Amino acid sequence: DQQVKQNSPSLSVQEGRISILNCDYTNSMFDYFLWYKKYPAEGPTFLISISSIKDKNEDGRFTVFLNKSAKHLSLHIVPSQPGDSAVYFCAASVGGGADGLTFGKGTHLIIQP
Amino acid sequence: DTAVSQTPKYLVTQMGNDKSIKCEQNLGHDTMYWYKQDSKKFLKIMFSYNNKELIINETVPNRFSPKSPDKAHLNLHINSLELGDSAVYFCASSQTSGSTDTQYFGPGTRLTVL
């Protein structure tokens, strides 16, 4: 039972263009959403988050959009840079974070020069 | 300085053995977690500890036993290892167990059971 879904296993984007990574969720109790970035042989690194009371959060080149009615969130990276090539995980939590994060399967973003 | 560290990074062992993975965080966080990333790349929560006390235990076989000697450490002991235990195990920590507290992950331990 996948509560957080990332339906694109990989995405290839040209350097300088916008990268859009998508994530869908099924559990309407989720109230906090996060994006993590992961390089090979390293642990996930926190990138950006959004509370369910907001619909947009921006941090530099990274913007996360949340559409609660559609149970959908997306991560926009603009402009995309070579160092952005990594696996991006969408994650969500319910109430207290003690329940841990529920992760999607990840999307491998490849930035082409 | 590494915020969340795990040892060993790689662990290869035979079925039936007992092994431990250690995790330490130097962030002063109260809550620590163990996640398992299986062959299908799903990252799933296994345990979380808050101030040395277990606060969640997902449907994990009782062959897996977390031990928290102090709030900076959360070790994972695995008894009678099985082939299906092969995975990458990630330790993480957060300031508190609050839902908006960022979780910081260790580099992972790749466990291979032969």
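Chain letters run A, B, ... following the sequence lines, proteins first and then strands; every chain starts at 1. Because the structure is predicted, anything quoted here is derived from the model rather than measured.
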task: Please say whether more than 12 non-hydrogen atoms of neighbouring residues, nucleotides or ligands are located less than 6.0 Å from NZ in B:K44.
output: no
Heavy atoms from other residues, nucleotides or ligands near CZ of A:R61 exceed 12 (cutoff 6.0 Å): yes
task: Drop me the distance from A:F103's CZ to B:F42's CZ, to the nearest 0.5 angstrom.
output: 12.5 Å
- request: Kindly compute the distance separating CD (A:E42) from CZ (B:F90), expressed to the nearest 0.5 Å.
  value: 10.0 Å
Side chain A:Y36, main chain B:Q103, donor-acceptor under 3.5 Å: yes
query: Considering residues, nucleotides and ligands other than B:K9, do more than 12 of their heavy atoms fall under 6.0 Å from its NZ?
result: yes
field: Between NZ on residue A:K105 and CD on residue B:Q37, distance to nearest 0.5 Å
entry: 11.0 Å
field: Cluster link A:L75 to A:I20, ILVMFWY, side chain under 4.5 Å
entry: no
message: Contact between B:L43 and A:P44 at the side-chain level, heavy atoms closer than 4.5 Å - yes or no?
response: yes
- prompt: If you look at every heavy atom in A:L101 and B:Y35, which pair is closest and at what distance?
  reply: N-OH, 2.8 Å
query: So with a 6.0 Å cut-off around CG of B:N62, is the heavy-atom count from everything else above 12?
result: no
